[in-house]
Amino acid sequence: MNTGSDDPGEVAVAADSARTDRPEAGQETGREAERGLGSRAPEFVKARRLLHLSWQVGVFVVGLAVVGAGIVMLPLPGPGWVVIFGGMAIWATEFVWAQLVLRWTKRKVTEAAHRALDPKVRRRNITLTVIGLVIIGVLAGIYLWKFGLVMPWKIKDQ
């Protein structure tokens with residue numbers, strides 16, 4: 001992403017057209033003031049280019065390890081998506097692209113949560129869940145009627 005400057009310590013700020021009620025400079029609402037995009041590294045790190053580059057490499061490697069662990073947890077037991085978003089949050093402390101992805105994800109999750117609270121959507125979801133459970137119950141009943149229930153330790157050697 002081109003921020004228009006290669007000077008260390010500069011923070012890229014993205015225009016957010018959805019927010020028109022921002023307070024004037026120096027004023028702060030009850031909410032925490034929204035921070036600009038860019039590095040959250042300490043100032044002494046940003047002041048030295050080699051140290052800042054090393055910091056970014058370290059943040060990337062740690063974030064990659066956390067995201068990798070989350071990907072491994074997707075098919076295995078564990079909170080895979082939570083860990084993946086944790087790794088994205090680690091990356092977002094240093095990289096603008098990760099901050100934008102995290103903001104988009106938060107917005108989509110919030111929208112989905114609001115849609116899920118809609119009474120029509122809730123009724124539809126409950127109806128589909130009940131229909132699915134009935135179908136699974138019928139299929140399980142047919143299987144048990146046809147083949148019976150045989151415990152693995154009672155299977156005779158053939």
ILVMFWY clustering at 4.5 Å (side-chain atoms), partners of Val61: Val57
Residues clustered with Ile135, ILVMFWY side-chain links under 4.5 angstrom: Ile131, Leu139
Fellow cluster residues of Leu76, listed by chain then number, with links counted only when side-chain atoms sit under 4.5 Å apart: Val72
Summary of ring-ring contact (aromatic ring centres under 6.0 Å, His included) pairs that have at least one residue in residues 111-144, sequence neighbours excluded: Tyr143-Phe147
Closest contact, heavy atoms only, Ile90 versus Val59: O-CG1, 3.4 Å
Smallest separation among heavy atoms of Ala92 and Leu102, with atom names: CB-CD2, 3.8 Å
Other ILVMFWY residues reachable from Leu117 by side-chain steps of under 4.5 Å: none
In one Ile/Leu/Val/Met/Phe/Trp/Tyr side-chain cluster, 4.5 Å: Val62, Leu64: yes
Residues forming a side chain to side chain contact (heavy atoms under 4.5 Å, CB included) with Val67, sequence neighbours excluded: Ile71, Trp91
Closest approach of Glu94 to Trp55 (non-hydrogen atoms, all atoms of both residues): OE1-NE1, 3.0 Å
ring-ring contact (aromatic ring centres under 6.0 Å, His included): pairs with one or both residues in residues 116-142, sequence neighbours excluded: none
For Asn125, side chain to side chain contact (heavy atoms under 4.5 Å, CB included) partners two or more places apart: Val121
Partners meeting side chain to side chain contact (heavy atoms under 4.5 Å, CB included) with Val101 (sequence neighbours left out): Met88, Thr105
Salt bridge (Lys or Arg N to Asp or Glu O under 4.0 Å) pairs, two or more places apart, involving residues 109-133: Lys108-Glu111
Within one Ile-Leu-Val-Met-Phe-Trp-Tyr cluster: Trp81 and Val83, side-chain cutoff 4.5 Å: yes
Same cluster (ILVMFWY, side-chain, under 4.5 Å), Val130 and Val138: yes
